[in-house]
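All remarks here apply to the structure that follows.
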Amino acid sequence: MCCQHFIELQTPKPHQTHNMSDAQYEAGLDLVRRLAPTKIPELVGHLCSLCPDLTDDWLTSIDQPLQVKRCAQTGRDFILCDYNRDADSYRSPFSNEYEPPLEDAVLPPDNLRQLEAEANDIFATFTKLYYESGVCSVYAWDPATEDGAFAMGVFIHKVGEGHRGLDQGVWDSIHVFEVVPEGDKFAYRLTTTVLLSMNASGTGLKTLAGSYTQQAENNLKAGSGWHDHVVNMGKMVETMENQMRNSLQSVYFGKAKDVLGELRDAAGASQTQRMAALQSSLAAQLKARNAM
Amino acid sequence: MEQRARTLIMLAPPTEVESVVKDIRQLAGSEISSVLPEICKEYNEKHCVAFAHEDKQVVISEYASVGENEYICPREGLIVKVDHMSHKVTDARPLEEDDDAEYVELADEVYKMAKESYPAAAVAVYNLEDKKVIVVSSDKISAKNFYTGSLRNVYIVANGAVSGSMVGVIHFYEGGNVQGEVDKTMPETPAPTPTEVVRAIRRFEETSISTVGSALTDINENQFKALRRALPITRQTIDWPKIAHDHVATQLGSMAM
């Protein structure tokens, strides 16, 4: 389900530890890939208890279902994640204030706060067009890597109502950009994770849930100000989400059915054997005819 | 520590438990080593894990336990001793044939069904004191296509009736981790003869698979579409320069007021 012009290989997000902890870090990420996706928050708790030294790494590198809070000042819902968290407080992208209030809290620099404000408005339109009623928050921060570089995350949380005996579904999009100046252009490196969970418990389909990550990189021009950056990132987010939606649809609904069919052979092996026997006898007949 | 290890291992999909145990050992360190075999045993019995033995597959289950890590394998006619950590059979000896006519007839019917519906699965029928138990352990691993799947069906035959369950996990891991879990219960169904037992099971399994199949179709057509549209209502992708421009215009407008 890879998209051709997208970078296929996933590199784990950077972390600052080595040796013994490296092996533990890898083992933890392997569990994230193997255990039931519905249990990820529980798993993160266990990982933090088993290896407390790696707590920061687990929290930054494992994507968890997004939580939502109402902004006390503006009354708008915003998304809680590791990128707007400081201690136990979260910063609203609408008021730029931490809730609950926090002394000496880290705020984005003024220029990035401008980007954040503009991007929140524009991605709210994107969310409305594709999700109708989702919650969207954009956060920007200084990655402190090199001059002129910046980082931005776009987060979307949508809860679908239950529908004709189906339970509610949840879609979370997590887009993280690193933008670095390169010559007269900018390199936009995007990592997107979609967390999707649905079920129809009444039918015996207890859960259908998971996370799916893809990366993309584009080199694009951008004039001064944030306008061009927002347009460039908007296009990338839209393309990425559209492609991932298609892939998810084919995995969740097409392939899942096929694998069930492989686990229990509905046609029955005897029929498969009959088909194979028929094919080989036809082949033999053809061969005999050609030999004449 | 031990409780955490047990909880996490118990969450593993049946086809991947060995890798999960390896991860846990790495995370929890050596102090967990002494309890791992016990946790693995619990896992293997609960999830009816099948071990390869020569050209056969033997099912581990609580119903088959006859001694310290020893299990009967009636279809293969063996009693095996196993290592729960490495999933290996360490010793095997012949199992005395059960000549209980009723049991033999049921087992024959079940194995006939298994050849049709589960040509590659491990299957066992156990003759216990107060009941007969049927276990189907079907796994599928496709590393090439990045998925694994497992189906566990356990049926209890007692007092002229059959009841049971079908539990399945499908796991796709290309670019992430997507899993589907199936859990169906077969209510007690009257089935006085082995033929009727197998017929009831067949009907239950066919209905279950087709119900889950239509649920998938239904979710796709309703729930999934309602979560995120494939395209905006205009059926066109977004004109980003335009919405960014409109945004600036609105900003300027509100400033002018």
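Atoms considered below: every heavy atom in the structure, side chains included; atoms not considered: hydrogens, waters and symmetry mates. In what follows, chains carry the letters A, B, and so on, assigned in the order in which the sequence lines appear, proteins first and then strands, with residues in each chain numbered from 1.
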Under a 4.5 Å heavy-atom cut-off, does chain A meet the side chain of [X], its backbone, both or neither?
| X | answer |
| --- | --- |
| B:N153 | neither |
| B:I170 | side chain |
| B:F224 | both |
| B:S150 | backbone |
| B:T237 | both |
| B:R152 | neither |
| B:I24 | side chain |
| B:K225 | both |

Under 4.5 Å, counting heavy-atom pairs only, tell me which of [options] racks up the most with chain A.
| options | value |
| --- | --- |
| B:R25, B:M1, B:K22, B:Q26 | B:Q26 |
| B:V182, B:I238, B:I243 | B:I238 |
| B:K140, B:E205, B:R4, B:K184 | B:R4 |
| B:M113, B:H245, B:H171 | B:H171 |

- [ ] Start with the C-alpha gap between A:I156 and A:V135, add the side-chain angles, then the distance that decides, and say whether side chain to side chain contact (heavy atoms under 4.5 Å, CB included) holds.
- [x] CA-CA 6 Å; A:I156 299 169; A:V135 176; over 6 Å; no
Quick check: does any side chain N or O of [X] sit under 3.5 Å from a backbone N or O of [Y], one acting as donor and the other as acceptor?
| X | Y | value |
| --- | --- | --- |
| A:D172 | A:P65 | no |
| A:Y130 | A:E241 | no |
| A:N120 | A:V138 | yes |
| B:N177 | A:L35 | yes |
| A:W171 | A:K158 | no |
| A:Y212 | A:L196 | no |

Name the member of [options] that forms the most heavy-atom pairs with chain B at distances under 4.5 Å.
| options | answer |
| --- | --- |
| A:G28, A:A27, A:S49, A:G210 | A:A27 |
| A:H46, A:K235, A:R245, A:K39 | A:R245 |
| A:N246, A:T207, A:V231, A:L205 | A:T207 |
| A:A209, A:S197, A:G254 | A:A209 |
| A:R34, A:K206, A:E118 | A:R34 |
| A:T127, A:V170, A:I122, A:L260 | A:I122 |

Open item on the list: Quick check on the structure: residues of residues 28-40 of chain B within a heavy-atom distance below 4.5 Å of chain A, by number.
Closed with: B:A28
Salt bridge or not for [X] and [Y], using N-O below 4.0 Å?
| X | Y | answer |
| --- | --- | --- |
| A:R113 | A:E116 | yes |
| B:E42 | B:R6 | yes |
| B:K112 | B:D108 | no |

Check each atom of [X] against the heavy atoms of chain B and say whether the ones under 4.5 Å are side chain, backbone, both or neither.
| X | answer |
| --- | --- |
| A:T38 | side chain |
| A:L47 | side chain |
| A:V194 | neither |

- [ ] Determine whether the aromatic ring centres of A:H157 and A:F155 lie less than 6.0 Å apart.
- [x] no
Task: Other residues, nucleotides, ligands: >12 heavy atoms within 6.0 Å of A:K257 NZ - done: yes
TODO: State whether A:Y131 and B:R228 meet the cation-pi test: NZ (Lys) or CZ (Arg) under 6.0 Å from the six-membered ring centroid, and within 45° of the perpendicular axis.
DONE: yes
Open item on the list: Can you classify the ring geometry of A:H229 versus A:W226 as parallel (below 30°), tilted (30 to 60°) or perpendicular (above 60°)?
Closed with: tilted
Open item on the list: Does the plane of the ring in A:W58 sit parallel, tilted or perpendicular to the ring in A:Y25? Use 30° and 60° as the thresholds.
Closed with: parallel
Open item on the list: Using the rule side-chain contact (heavy atoms from CB on, under 4.5 Å), only one of A:T213, A:L195, A:T192 pairs with A:I174; which is it?
Closed with: A:L195
